[in-house]
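In what follows, every chain begins at residue 1, and chains take the letters A, B, ... in the order their sequences are listed. Bear in mind the structure is a predicted one, so any value in this text is a computation, not a measurement.
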There are 2 protein chains.
Amino acid sequence: MSGFGPGDPFLADCPGRLAIELIADKWTVVVLYGLSQGPVRHGELLKLIGGISRKMLTQTLRRLQAHGLVRRHAYAEAPPRVEYELTPLGATLIDPIHMLTEWARANGAAVLDALDALDAGAEPAARDVPDRS
Amino acid sequence: MSGFGPGDPFLADCPGRLAIELIADKWTVVVLYGLSQGPVRHGELLKLIGGISRKMLTQTLRRLQAHGLVRRHAYAEAPPRVEYELTPLGATLIDPIHMLTEWARANGAAVLDALDALDAGAEPAARDVPDRS
DNA sequence: CGGAATCCGCGAGGATACTG
DNA sequence: CAGTATCCTCGCGGATTCCG
C-alpha cells in the first residue's frame, strides 16, 4: 500500500531528478510554454512573457539548449534575428507542460481564494487575542 | 499562426502565473509526487525524498498548505505524529505531476546524454584551438 | 518525532550599460 | 535586435539548536 519504495527514482538522486529540476523552475515552464506552438524570436518571448528580464530569458534558453530541449537558429541578416524552437526531445514535453498550464488556468483562482481565506481568517482572529505591543 | 496573443494568461501576471510559480519549484514537484499516493508522515517524506532538509520540507509543505493544496493532520500522541495529505484541490494536480515525473523517468537519460555530448564536443575542440593560457 | 528559530554563505536574479 | 558583462541585493537553503 506504500506505493513506492525507498528507492523510487524521483525520491532519490538520479537522472530523473536531474530532469525534474531542469524544468521545475520559475521561468522554465513559462518559456517552454511559449515555445510550444512553434519557433519564436527572442524579442517576442521577451515581450510576451512579461516580468522576465533579458538576462533570465537568455539564461533559461541556454540551459534548455544545453540539455537538448531547445535549438537555436541565428540568421545572419541586417537586423540580427534569432529564433528558438523545441527539439524533438523538447517536443515530448509539450503535453506535460500543457497539462500544467491548463491546471493553472483552471485552478489559479481557487489557489488565490485559499490564500485569501487564510488571511481573512487569521488576521482578524488577532482581534480577540490580547496584543502585547 | 502565432497561436497565443500578447494577453495569454501564462505570459502575463495573473492567477495562472501565481499557480505556476507555486509548483514550478525545485522541491514542490517532488513533494507533491510523494503525496500523490495517499497520506504520508513527515519523517517518511524526509527519508524518502533524499537530499531535502527538514527545513525545506516543512517550508514546502507549509506553502502548499497555505495555498490549499495540502492538509495537515497532527495526532496528539505520545510519540508525536503528523501526516500530510492532498486536499481535493491538490488531488487535481496528481495527473499533471505524474505526467511530468513519467516524462522525467523516460527522458532523464536523454537529457544527460545531451549534456555529455556537449561536453565531449566542446572541450576536446579546444584541442585544435591555440590556447592562450 | 515534528517544528521553529537563528546564523550565515552563496548564488539567483534584477538593473544598467556596452558590443556586434 | 540579440547577447554579454558588471554590479548589487535579497532570500534560498543548509547546519545547528532549542521547544512541544
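- Aromatic ring orientation, B:H42 versus B:Y84: tilted (interplanar angle from 30° to 60°).
- A:V70 and A:M56 fall within a single hydrophobic cluster, where Ile, Leu, Val, Met, Phe, Trp and Tyr are joined by side-chain heavy atoms under 4.5 Å apart, directly or via other members.
- Between A:V82 and B:I52, it is A:V82 whose nearest contact on DNA chain D lies nearer the 5' terminus.
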- Determine, step by step, whether B:F10 and B:I20 satisfy the side chain to side chain contact (heavy atoms under 4.5 Å, CB included) criterion, reporting the C-alpha distance in whole Å, the side-chain angles of both residues, the deciding distance to 0.1 Å, and the verdict. CA-CA 8 Å; B:F10 300 109; B:I20 286 292; 4.1 Å; yes

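- B:L61 places its CG atom 8 Å from the P atom of C:dG3, with the value rounded to the nearest Å.
- Rounded to whole angstrom, the span from the NZ atom of B:K55 across to the C1' atom of C:dA5 amounts to 10 Å.
- Straight-line distance from the CE atom of B:M56 to the P atom of C:dA4: 14 Å, rounded to whole Å.
- As rounded to whole Å, 14 Å separates atom C1' of C:dA5 from atom CZ of B:R62.
- Between A:L32 and A:L64, the shortest heavy-atom distance links the atoms CD2-CD1, 3.8 Å.
- When DNA chain D is scanned 5' to 3' for any atom under 4.0 Å from a heavy atom of chain A, the first and last hits are D:dC1 to D:dT4.
- When the C1' atom of C:dG3 is taken as reference, atom CG of B:L57 falls 11 Å away, rounded to whole Å.
- Scanning all heavy atoms of the two residues, the minimum distance from A:R17 to A:P9 falls at CG-O, 3.9 Å.
- The closest side-chain heavy-atom distance from A:L45 to A:L35 is below 4.5 Å.
- Rounded to whole angstrom, the span from the CZ atom of B:R72 across to the P atom of C:dC1 amounts to 17 Å.
- For the pair B:E83 CD and C:dG3 P, the computed distance is 12 Å after rounding to whole Å.
- At distances below 3.5 Å, at least one donor-acceptor pair connects side-chain atoms of B:T87 with backbone N or O atoms of B:G68.
- Of all nucleotides listed (C:dT6, C:dG3, C:dC1), C:dC1 comes nearest to the side chain of B:P80.
- Comparing A:T58 and A:P79 by the nucleotide of DNA chain D that holds the closest heavy atom to each, the one mapping nearer the 5' end is A:P79.
- With hydrogens and angles disregarded, no donor-acceptor distance shorter than 3.5 Å links the side chain of B:T58 to the backbone of B:K55.
- For the helix from C:dC1-D:dG20 to C:dG20-D:dC1, the axis fitted to the five pairs at one end and the axis fitted to the five pairs at the other end meet at an angle of 40° (nearest 10 degrees).
- Mapping B:Y84 and A:R54 onto DNA chain C by nearest heavy atom places B:Y84 at the nucleotide closer to the 5' end.
- Straight-line distance from the CD atom of A:Q59 to the C1' atom of C:dA12: 8 Å, rounded to whole Å.
- With a 4.5 Å cut-off on side-chain heavy atoms, B:H73 and B:E85 count as touching.
- At a non-hydrogen distance threshold of 4.0 Å, nothing from residues 18-35 of chain B comes into contact with DNA chain C.
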